[in-house]
**Q** 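First the structure, then my questions, so here it is.
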Amino acid sequence: MWVWRGHGRAALSAATWDDASPVDFPAQDGWYVVATTHDVISVILDVDSVVDPESGVIPADREVRTVEWVDAPNVTPGWYVSMSGPCALTVNLGDLTVPAIELQGSPSS
């Protein structure tokens, strides 16, 4: 389900790539807004990732798309994709764990 109100839905529906082809957001549910202003909207989708333990690279676990209102002399004013691609929001902490805290004595009152 798309999760935003107002101009966001219309902006994403009207957005095009640089070659004027429609963005055609995938129909699956799960896109949600991560940033919005009057002229920029970013949405993100959780995706399955495959971990390669040998590479050490954090795999992409999100797909992000940003559309931006462009009103410049050399283009038709409208919503255009300014960024699209995979990203990794998960951080591998390796062997780190939650630290244990131990008081050396009773707190004084």
Side-chain angles (χ1 to χ4, degrees):
M1 169 187 285
W2 295 100
V3 185
W4 70 88
R5 295 184 177 90
H7 74 283
R9 184 181 308 267
L12 292 170
S13 296
T16 63
W17 299 101
D18 290 344
D19 66 0
S21 63
V23 174
D24 191 30
F25 280 89
Q28 72 258 45
D29 291 342
W31 288 93
Y32 52 94
V33 173
V34 291
T36 183
T37 68
H38 71 283
D39 60 354
V40 175
I41 300 165
S42 292
V43 293
I44 201 164
L45 175 70
D46 298 333
V47 297
D48 293 330
S49 60
V50 178
V51 177
D52 177 5
E54 299 298 319
S55 74
V57 174
I58 298 171
D61 56 359
R62 308 291 191 283
E63 178 73 23
V64 65
R65 293 219 177 125
T66 300
V67 299
E68 185 173 347
W69 178 261
V70 177
D71 187 0
N74 59 342
V75 297
T76 303
W79 291 97
Y80 292 90
V81 175
S82 61
M83 184 184 70
S84 179
C87 67
L89 294 182
T90 302
V91 176
N92 181 354
L93 298 178
D95 294 334
L96 294 177
T97 61
V98 176
I101 298 174
E102 183 178 319
L103 298 174
Q104 292 296 318
S106 300
S108 56
S109 27

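Being a predicted model, the structure only gives us computed values, none of them experimental.
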**Q** Could you check whether any side-chain heavy atom of Ile44 comes within less than 4.5 Å of a side-chain heavy atom of Cys87, counting everything from C-beta outward?
**A** yes
**Q** Please find the pair of heavy atoms, one from Thr66 and one from Ser42, that lie closest to each other, and give the distance.
**A** OG1-OG, 2.6 Å
**Q** Atom CD of Glu63 and atom CG of Asp46: how far apart are they, to the nearest 0.5 Å?
**A** 11.5 Å
**Q** Is Trp69 reachable from Tyr80 through a run of hydrophobic residues whose side-chain heavy atoms are each under 4.5 Å from the next?
**A** no
**Q** Do the non-hydrogen side-chain atoms of Trp31 and Leu12 ever get within less than 4.5 Å of each other?
**A** no
**Q** Quick check: closest heavy atoms across Pro77 and Asp71, and the distance to 0.1 Å?
**A** CG-OD1, 3.4 Å
**Q** Looking at Val81 and Ser84, what are the two nearest heavy atoms and their distance?
**A** CG1-CB, 4.0 Å
**Q** What pair of heavy atoms forms the shortest contact from Val47 to Arg62, and how long is it?
**A** CG2-N, 3.6 Å
**Q** Shared ILVMFWY cluster between Val67 and Val70, side chains joined below 4.5 angstrom?
**A** no
**Q** Where do Ile41 and Ala11 come nearest, in terms of heavy atoms and distance?
**A** CD1-CB, 3.6 Å
**Q** Grouping I, L, V, M, F, W and Y whenever their side-chain heavy atoms are under 4.5 Å apart, do Trp79 and Val75 come out in a common cluster?
**A** no
